[in-house]
Amino acid sequence: MGSLDLSSDNSSSPQREFKPLDPEEFRKQAHQMVDFIADYYKQIETYPVLSQVQPGYLSTLLPQTAPYLPEPLETILSDVTKNIIPGMTHWLSPNFFAFFPATVSTAAFIGEMLCTSFNSVGFNWLASPAATELEMIVMDWLANMLKLPNSFMFSGTGGGVIQNTTSEAILVTLIAARDRVLATNGSNQSIRKLVVYCSDQTHSTFTKAAKLAGITPCNIKSIPTNLDAAFSLSPVLLRKAVEADVAAGLIPLYLCATVGTTSTTAVDPLEPLADVAREYGMWMHVDAAYGGSACICPEFRQYFNGIEGVDSLSLSPHKWLLSYLDCCCLWVKSPRLLVKALNTNPEYLRNKASEIESVVDFKDWQVGTGRKFKSLRLWLVLRSYGVANLQSHIRSDVRMAKVFEGLVKSDPRFEILVPRRFGLVCFRLNPFSWAGSGCTELLNRKLLEWVNSSGRVYMTHTIVGGIYILRFAVGATLTEDHHVAAAWRLIKEGADAILKGMHN
């Protein structure tokens, strides 16, 4: 079983028994791989942060067919160094200040090793009782850290599940909300009347999830925000939109609020938004993928004020809680609605514990059936570091962002566009008060290209309220104060070069 047929006369065939998992060979190669990864982490600053390769580069370097005979790990790792690493944008570089960070840690890596080694496919409780029960415990631990009400915990009346991404968290709650309303209205034709709401700052994944859930595109309503309100969603404008839709015979279904939007980390006011959602019978979800992790710190918990009034909440520990990709935690007040919408019960999965509903079967809380033992990773992070160190980690990132914000303010050629809340600073170069918006945007596009093409730093941009903004997101696990200071020197150097070029 699992061995090659060696009876062939083909002299080029492998001449020894094929053992894909030999414990001693595993031990040897795993040690080699850990050494390779540790060296990569040590050397990561020697690589350009943003990959400098051209499209299609890899096809010219690798063979067009897979090898017939095995190759040694040393040869493969050599190719990783020569061919793969040059084509990577290094998200773990301490000079990565783009998007939001994807944080990592020793504990999470060890947890992932355990998770992968067990290869548990914990779709229901019986398939791996420990996988299910540890996930329930860890989700309650994190809920306690966030001071969520008991209505979101297994120890109360709700519960939580680890999804892969925010996209899936939104999709499964949208489907649960949809089915609840369709059951009440009694007709599948009603799906054409369902309306969902978000702000114009909500992540684009919401629109994608709504389409997947069968919502008519014209019924995906985006409420405009503005700079004066720091781009947060206005409960007043939401109410007006909902009232108009109800008057037109439509059915309000779902509201997606955000704690820490991608463009500017805007925070929507949960309590008054929840009042509108409750009044019109809408399911309210809070996407706190980035900002939610900060709420383990008392000074940021205010951004969850009103959370008791929502139906579901998701946040991504892979963004800020050192847990590696992918890990999105979703809590719901009414797990039965998820299960009712997503339940599958083929004969080959039937068992006594599930039949009498004495256990949780997480396959009924997600899109797919199979699932990894991901709670091990989060469990090791929480146990290895404790709440105090995780709070310190977040506060350190916020402190460094505050330092960068101060550096920006110290140069009159630059300006801060949006109030800083967490680890993101939104700014732009604006040296000419007389210049039009087009000129200022062109300056900043040139500055961003100059900085990123250097390979020394990677930043991104956004456009909000018609304004082109540079984003500087502090939070890569290896980033320290001197990296932030060096990044600012590089940005100033770029500004000097661009402005000098304009004068010549």
Side-chain angles (χ1 to χ4, degrees), residues 111-112 114-144 148-184 188 209 212-214 283 285 311-315 317 323 326-380 382:
E112 181 62 19
L114 260 183
C115 168
T116 301
S117 71
F118 290 146
N119 204 33
S120 171
V121 189
F123 39 76
N124 62 13
W125 178 87
L126 190 63
S128 187
T132 295
E133 296 192 16
L134 184 63
E135 187 160 336
M136 295 168 69
I137 289 166
V138 167
M139 291 299 293
D140 271 10
W141 278 11
L142 190 49
N144 271 300
L148 298 184
N150 286 334
S151 55
F152 284 109
M153 299 186 202
F154 287 107
S155 59
T157 55
V161 58
I162 299 177
Q163 304 280 348
N164 293 319
T165 64
T166 301
S167 308
E168 294 173 34
I170 291 174
L171 179 59
V172 297
T173 52
L174 259 170
I175 291 170
R178 179 200 68 191
D179 285 10
R180 178 181 65 172
V181 168
L182 291 180
T184 302
N188 283 335
L212 287 171
W283 182 298
H285 177 76
D311 297 281
S312 56
L313 160 72
S314 62
L315 64 84
S323 73
D326 42 19
C327 181
C328 174
C329 294
L330 167 67
W331 291 270
V332 291
K333 272 186 175 176
S334 299
R336 62 179 180 81
L337 294 175
L338 275 190
V339 172
K340 186 176 181 181
L342 302 171
N343 174 54
T344 55
N345 196 25
E347 186 61 37
Y348 49 80
L349 293 185
R350 289 179 180 271
N351 64 87
K352 184 177 179 181
S354 296
E355 293 291 317
I356 64 175
E357 298 184 354
S358 63
V359 295
V360 169
D361 290 338
F362 277 128
K363 69 178 177 60
D364 299 328
W365 295 49
Q366 62 177 28
V367 174
T369 299
R371 58 196 332 269
K372 294 175 66 177
F373 197 167
K374 288 186 179 180
S375 55
L376 271 175
R377 196 194 314 155
L378 204 48
W379 189 51
L380 260 77
L382 297 180

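This one's a predicted model, so the numbers in the text were calculated from it and none came from an experiment. Residue numbers run from 1 in the order of the sequence given.
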Open item on the list: Can you confirm whether the side chains of W365 and Q163 place a donor and an acceptor under 3.5 Å from each other?
Closed with: no

Open item on the list: Could you check whether any side-chain N or O of N144 sits under 3.5 Å from a backbone N or O of D140, counting only pairs where one atom can act as donor and the other as acceptor?
Closed with: yes

TODO: Return the minimal non-hydrogen interatomic distance between N343 and K363, and the atom names on each side.
DONE: OD1-NZ, 4.0 Å

TODO: Using a strict 4.0 Å threshold on nitrogen-to-oxygen distance, state whether K372 and E112 make a salt bridge.
DONE: yes

TODO: Output the distance between atom CG (L171) and atom CG (L212), rounded to the nearest 0.5 Å.
DONE: 5.5 Å

Open item on the list: I need the L114 CG to R377 CZ distance, nearest 0.5 Å.
Closed with: 12.0 Å

Open item on the list: Does any part of the side chain of I137, heavy atoms only, come nearer than 4.5 Å to the side chain of W379, both counted from C-beta?
Closed with: no

Task: Where A131 and S375 come nearest, the two heavy atoms and their spacing - done: O-OG, 3.8 Å

TODO: Go through the steps for L142 and W331 under the test side chain to side chain contact (heavy atoms under 4.5 Å, CB included), then give the verdict.
DONE: CA-CA 10 Å; L142 190 49; W331 291 270; 3.8 Å; yes

Open item on the list: Treating R180 as the side-chain partner and A341 as the backbone partner, does any N or O pair qualify as donor plus acceptor under 3.5 Å?
Closed with: no

Task: Side-chain donor-acceptor pair present, W283, S312, cut-off under 3.5 Å - done: yes

Open item on the list: Can you tell me how the ring of F154 sits relative to the ring of F362, calling it parallel under 30°, perpendicular over 60° and tilted otherwise?
Closed with: perpendicular

Open item on the list: side chain to side chain contact (heavy atoms under 4.5 Å, CB included), that's the test. Do K374 and D326 meet it? Break it down for me.
Closed with: CA-CA 9 Å; K374 288 186 179 180; D326 42 19; 2.7 Å; yes

Task: Expected output: side-chain S151 to main-chain T157 donor-acceptor under 3.5 Å - done: no

Task: Pair E355 + R350, salt bridge at N-O below 4.0 Å - done: yes

TODO: Please determine which of V161, V172, T344 meets the side chain to side chain contact (heavy atoms under 4.5 Å, CB included) test together with D364.
DONE: T344

- [ ] Could you walk me through whether F152 and M139 pass the side chain to side chain contact (heavy atoms under 4.5 Å, CB included) test, one step at a time?
- [x] CA-CA 10 Å; F152 284 109; M139 291 299 293; over 6 Å; no

Open item on the list: Checking the side chain of R371 only, and the main-chain atoms of I162 only, is there a donor and an acceptor separated by less than 3.5 Å?
Closed with: yes

TODO: Grab the two heavy atoms, one from P317 and one from C327, that are nearest each other, plus how far apart they are.
DONE: CD-O, 3.1 Å

Open item on the list: Within the 4.5 Å heavy-atom criterion, are L148 and L313 side-chain neighbours or not?
Closed with: yes

- [ ] Find the distance between CG (N119) and OG (S128) and round it off to the nearest 0.5 Å.
- [x] 11.0 Å

Open item on the list: Is there a side chain to side chain contact (heavy atoms under 4.5 Å, CB included) between H285 and L330? Walk through the geometry before answering.
Closed with: CA-CA 10 Å; H285 177 76; L330 167 67; 3.8 Å; yes

Open item on the list: Between N351 and A353 (side chain of the first, backbone of the second, donor and acceptor by atom type, cut-off under 3.5 Å), is there such a pair?
Closed with: yes

Open item on the list: Side chains of N124 and S354: any donor to acceptor distance under 3.5 Å?
Closed with: no

Task: Sole residue of T166, T165, I170 in side chain to side chain contact (heavy atoms under 4.5 Å, CB included) with E168 - done: T165

TODO: Compare all side-chain heavy atoms of V332 with those of T173 and state whether any distance is below 4.5 angstrom.
DONE: yes

Open item on the list: If you define the side chain from C-beta out and look only at heavy atoms, does anything of V360 sit under 4.5 Å from P335?
Closed with: no

TODO: For R178 and A213, indicate whether the former's side chain and the latter's backbone hold a donor-acceptor pair under 3.5 Å.
DONE: yes

TODO: Rounded to the nearest 0.5 Å, what's the gap from OG on S323 to CG on L380? Could you check?
DONE: 12.0 Å

